[in-house]
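These numbers were taken from a predicted model, which means no experiment stands behind them. In what follows, every chain begins at residue 1, and chains take the letters A, B, ... in the order their sequences are listed.
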2 protein chains.
Amino acid sequence: MAGQAQYEELARQLSAVGAVKRDLGRILPQDCSAGSAAVLALLGSHGDMRMSNLSELLAVDMSVTSRHAAHLADRGWIERSPDPADKRSRILHLTPEGHAMLVELSRRSAGLLAERLEDWTDAEVGQLIGLLTRLRASFGDCRTVAHRPPPPPSPRPPAPAVPAVPAGERTQTTRTPAQAT
Amino acid sequence: MAGQAQYEELARQLSAVGAVKRDLGRILPQDCSAGSAAVLALLGSHGDMRMSNLSELLAVDMSVTSRHAAHLADRGWIERSPDPADKRSRILHLTPEGHAMLVELSRRSAGLLAERLEDWTDAEVGQLIGLLTRLRASFGDCRTVAHRPPPPPSPRPPAPAVPAVPAGERTQTTRTPAQAT
DNA sequence: TATTGTTATACTCTATAACTATA
DNA sequence: TATAGTTATAGAGTATAACAATA
């Protein structure tokens, strides 16, 4: 248990992370916004998945995911195949072009980070990654990830038709409560 | 020096911090957005300052700061006094109402963090704060802060007419390059 | 009746550009 | 001429609500 002052300071530092994220956003290629990049990264690291699953991973409403997915599909970076198990669903997967874009995105962001954090040790970077991962887990993503082993760049698993997550548990998010008229 | 894979993972985790920030944003009172809250927090912790100084601390363009400041001034939470040393400048300072709002904001965000991070130790929270602070410093805010001692809630210094920071150093940001016509 | 996904709309945050008033 | 700050405008990200198709 930490003190009030410490939590306030943490809140400030979290809000300041925005500056770092904006910096990272400035090196993105035309046509590929931060939102698109996030989707590509998740598809790359977690493999094919449904819209709803992706929404949970991003922790945003599905309407947002739908927009991003449409943008990526328009550019040929992902495909949205019908889910044979549920005709309402769509399975997203990277195309070769999408994978190439992801490689380029990774190269750029890793490059910038390597430049900025040149005086950080490997252990320090690892520590920050660990704490951020745990922070996210503490914020309700019991369902997110962090449970799976670090995904190898090997051929991805054959797209689990079932979301890797209980999908209950959550208070709201990922779904606009349908209003009863 | 860390490896490419580690930097990619860090980029992913940084992007995921957005979910935490959105969660924190949901508990804000009406009329006080995250942007407003950030300004109040900085004025509270660093004391009175000029628009340009605040822009550097926020790492956003001054036009953004101007908007936020106008919003806060409209609600009586800050005042923008003329700077006797430079008639172009304005010194921002919290009003009693602004201070009260800041106290409420701190209470709420610290409360949510305390709830979510209940199983974190004091040391872990401190470690995350330290790494985030350093991360920010590594991202070009040689000028930001982190140099000053933790500001006591005591009577604030008489508004340094000179920004606490070199103000050069920076590639761009904080100012839209005036186009030569 | 409930769920998956899409679309329309609105709001926040930010950057760019042009403008005023000082320096 | 350069700087501090303001305002208008545009773009990205997200949430809410309503709708279609399917379960």
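- Whole-Å rounding puts the B:H71 NE2 to C:dT14 C1' distance at 16 Å.
- Taking the side chain of B:D86 as heavy atoms from C-beta on, and the options D:dA4, D:dT14, C:dT6, the nearest nucleotide is D:dA4.
- Set against C:dA15, C:dT14, D:dA4, the side chain of B:H68 has C:dT14 as its closest nucleotide.
- Distance CG (B:D31) to P (C:dC11): 13 Å, rounded to an integer number of Å.
- As a whole-Å value, the separation of A:D83 CG from C:dG5 P is 8 Å.
- For A:R26 and C:dA15, the shortest distance from a side-chain N or O to OP1 or OP2 is below 4.0 Å.
- Among the nucleotides D:dT22, D:dG5, C:dG5, the one closest to the side chain of A:R50 is C:dG5.
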B:R75 vs B:D31, test: side-chain contact (heavy atoms from CB on, under 4.5 Å). Steps then yes/no. CA-CA 9 Å; B:R75 276 147 194 82; B:D31 248 29; 2.6 Å; yes

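- A side-chain donor from one of B:S89 and B:R50 sits under 3.5 Å from a side-chain acceptor of the other.
- Side chain of A:M62, nearest nucleotide from C:dT22, C:dT3, C:dT6: C:dT6.
- Contact annotation for A:S33: backbone-only contact, meaning every heavy-atom pair under 4.0 Å involves sugar-phosphate atoms and none involves a base.
- Both B:M51 and A:P84 lie near DNA chain D, and the one whose nearest nucleotide falls closer to the 5' end is B:M51.
- The distance between atom NZ of A:K21 and atom C1' of C:dA15, rounded to the nearest whole Å, is 17 Å.
- The CZ atom of A:R22 sits 15 Å away from the C1' atom of D:dG11 (whole-angstrom rounding).
- Here B:D23 pairs with B:R116 in a salt bridge; the nearest charged N to carboxylate O distance falls below 4.0 Å.
- Between D:dA4, D:dA15, C:dT14, one nucleotide has an atom nearer to the side chain of A:V64 than all others, and that is D:dA15.
- Side-chain proximity of A:S63 to D:dA15, C:dA15, C:dT22: nearest is D:dA15.
- In this structure, the nucleotide among D:dT14, D:dA4, C:dC13 sitting nearest to the side chain of B:A34 is C:dC13.
- Nearest nucleotide to the B:S66 side chain, out of D:dA4, D:dT6, C:dT6: D:dT6.
- Within 4.0 Å of A:A70, counting heavy atoms only, lies no atom of the nucleic acid at all.
- Mapping A:T65 and B:K87 onto DNA chain C by nearest heavy atom places A:T65 at the nucleotide closer to the 5' end.
- Counting only distance, with no hydrogens or angles, the side chain of A:T95 and the backbone of A:G76 share a donor-acceptor pair below 3.5 Å.
- Atoms CG (A:D61) and C1' (C:dA8) sit 13 Å apart, rounded to a whole Å.
- Residues B:L24 and B:V103 do not share a hydrophobic cluster, defined by chaining ILVMFWY side chains whose heavy atoms lie under 4.5 Å apart.
- For the pair A:R80 and A:R67, both in contact range of DNA chain C, the more 5′-proximal nearest nucleotide belongs to A:R80.
- Of the side-chain N and O atoms in A:S52, one or more sit less than 4.0 angstrom from OP1 or OP2 of C:dG5.
- Distance, B:L58 CG to C:dA15 P: 10 Å, rounded to whole Å.
- Between B:R90 and D:dT6 there is a side-chain N or O to OP1 or OP2 distance below 4.0 Å.
- Between the CD atom in B:E79 and the CD1 atom in B:I91 there is a gap of 13.0 Å [rounded to 0.5 Å].
- Note on A:R88: every side-chain N or O is 4.0 Å or more away from OP1 and OP2 of C:dT6.
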